[in-house]
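Just below is one structure, and these are the notes that go with it.
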Amino acid sequence: QVQLVESGGGLVQAGGSLRLSCAASGRTFSTYAMGWFRQAPGKEREFVATISRTGYTTGYADSVKGRFTISRDNAKNTVYLQMNSLKPEDTANYSCAQSRSSSTSTDPDMYGNWGQGTQVTVSS
């Protein structure tokens with residue numbers, strides 16, 4: 001069972017930046033695509049970004065495109081989410097997840113392992 005541990009969340013003013021990290025245990029990290037999802041209080045979980053196992057292919061939700069960048073370092077078993085130009089509506093708990101496939105996906109049902117999440121709060 002792969003364990004995923006997120007870090008890097010916090011409180012930031014609108015327009016600021018944060019970099020989230022997700023460290024994975026085990027030897028399967030480089031085999032599968034990874035994704036970031038978020039959930040705000042009272043709202044459903046939503047897709048944020050995804051990256052293929054090689055890192056060559058990425059995908060983003062329209063709401064974060066041009067502001068967020070997903071990347072991975074397979075040597076370090078870590079996936080990152082660089083978040084720039086943050087808005088109050090980005091406030092949520094952000095979780096990373098490991099896909100069951102090597103290809104990118106926006107569907108949370110494609111992801112079998114999830115981290116506990118890290119809170120991001122953007123003040124106006």
Side-chain angles (χ1 to χ4, degrees):
Q1 182 76 9
V2 172
Q3 289 190 330
L4 304 173
V5 180
E6 302 92 338
S7 61
L11 174 63
V12 64
Q13 288 188 332
S17 298
L18 283 173
R19 188 194 195 203
L20 305 184
S21 298
C22 171
S25 65
R27 301 180 179 182
T28 65
F29 180 79
S30 62
T31 303
Y32 300 107
M34 296 293 294
W36 284 96
F37 293 79
R38 67 186 182 186
Q39 187 167 20
K43 295 187 177 181
E44 293 187 355
R45 181 171 56 195
E46 66 171 340
F47 163 76
V48 176
T50 179
I51 188 166
S52 64
R53 71 172 186 88
T54 61
Y56 292 152
T57 304
T58 59
Y60 299 92
D62 287 344
S63 59
V64 306
K65 201 170 294 183
R67 300 188 297 122
F68 290 12
T69 302
I70 188 171
S71 61
R72 67 189 296 162
D73 185 336
N74 286 343
K76 295 182 178 180
N77 277 16
T78 303
V79 63
Y80 306 96
L81 185 67
Q82 178 66 45
M83 305 186 296
N84 298 329
S85 302
L86 282 161
K87 305 175 180 179
E89 52 262 44
D90 293 319
T91 295
N93 186 274
Y94 284 71
S95 298
C96 68
Q98 184 185 53
S99 176
R100 297 186 179 91
S101 168
S102 61
S103 302
T104 58
S105 176
T106 65
D107 182 359
D109 289 338
M110 284 296 298
Y111 294 81
N113 292 309
W114 293 80
Q116 292 296 313
T118 185
Q119 179 66 32
V120 172
T121 302
V122 184
S123 63
S124 57

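Note that the coordinates shown come from a computational prediction; the quantities given were computed from them, not determined experimentally.
- Of the possible donor and acceptor atoms, one in the side chain of R67 sits under 3.5 Å from a partner among the backbone N and O of S85.
- To the nearest 0.5 Å, the span separating OG on S123 from CD on Q13 amounts to 5.0 Å.
- Rounding to the nearest 0.5 angstrom, the gap separating the OG atom in S21 from the CG atom in D73 is 10.5 Å.
- Of the possible donor and acceptor atoms, none in the side chain of Y32 sits under 3.5 Å from a partner among the backbone N and O of Y111.
- The shortest non-hydrogen separation linking P108 to R45 is CB-NH2, 3.9 Å.
- For Q98 (side chain) and G112 (main-chain N/O), no donor-acceptor pair under 3.5 Å exists by modelled atom type.
- Between the side chain of S99 and the backbone N or O of A33 there is no donor-acceptor pair closer than 3.5 Å.
- Using a 4.5 Å cut-off between side-chain heavy atoms of Ile, Leu, Val, Met, Phe, Trp and Tyr, L4 falls into a hydrophobic cluster with V2, V12, L18, L20, F29, M34, W36, V48, I51, Y60, V64, F68, I70, V79, L81, M83, L86, Y94, V120, V122.
- Salt bridge annotation for D62-K65: present, with a cationic side-chain nitrogen under 4.0 angstrom from a carboxylate oxygen.
- Between the CZ atom in R38 and the CZ atom in F47 there is a gap of 10.5 Å [rounded to 0.5 Å].
- Among all heavy-atom pairs drawn from Q116 and N93, the shortest one is O-OD1, 3.7 Å.
- The number of heavy-atom neighbours closer than 6.0 Å to CD of Q119, taken from other residues, nucleotides and ligands shown, is above 12.
- Here the closest non-hydrogen pair linking A14 and S124 is CB-CA, 4.4 Å.
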Start with the C-alpha distance between S101 and M110, add both sets of side-chain angles, then the distance that settles side chain to side chain contact (heavy atoms under 4.5 Å, CB included), and finish with yes or no.
CA-CA 7 Å; S101 168; M110 284 296 298; 3.8 Å; yes
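- Considering CG of D109 and OG1 of T106, their distance stands at 10.5 Å, rounded to 0.5 Å.
- Within a 6.0 Å radius of CD in Q39, more than 12 heavy atoms belonging to other residues, nucleotides or ligands are found.
- Considering every non-hydrogen atom in both N77 and G26, the closest pair reads ND2-O, 2.9 Å.
- The line from OH of Y80 to CZ of R72 is 11.5 Å long, rounded to the nearest 0.5 Å.
- Interatomic distance, CZ of R53 versus OG of S102, reported as 6.0 Å (0.5 Å rounding).
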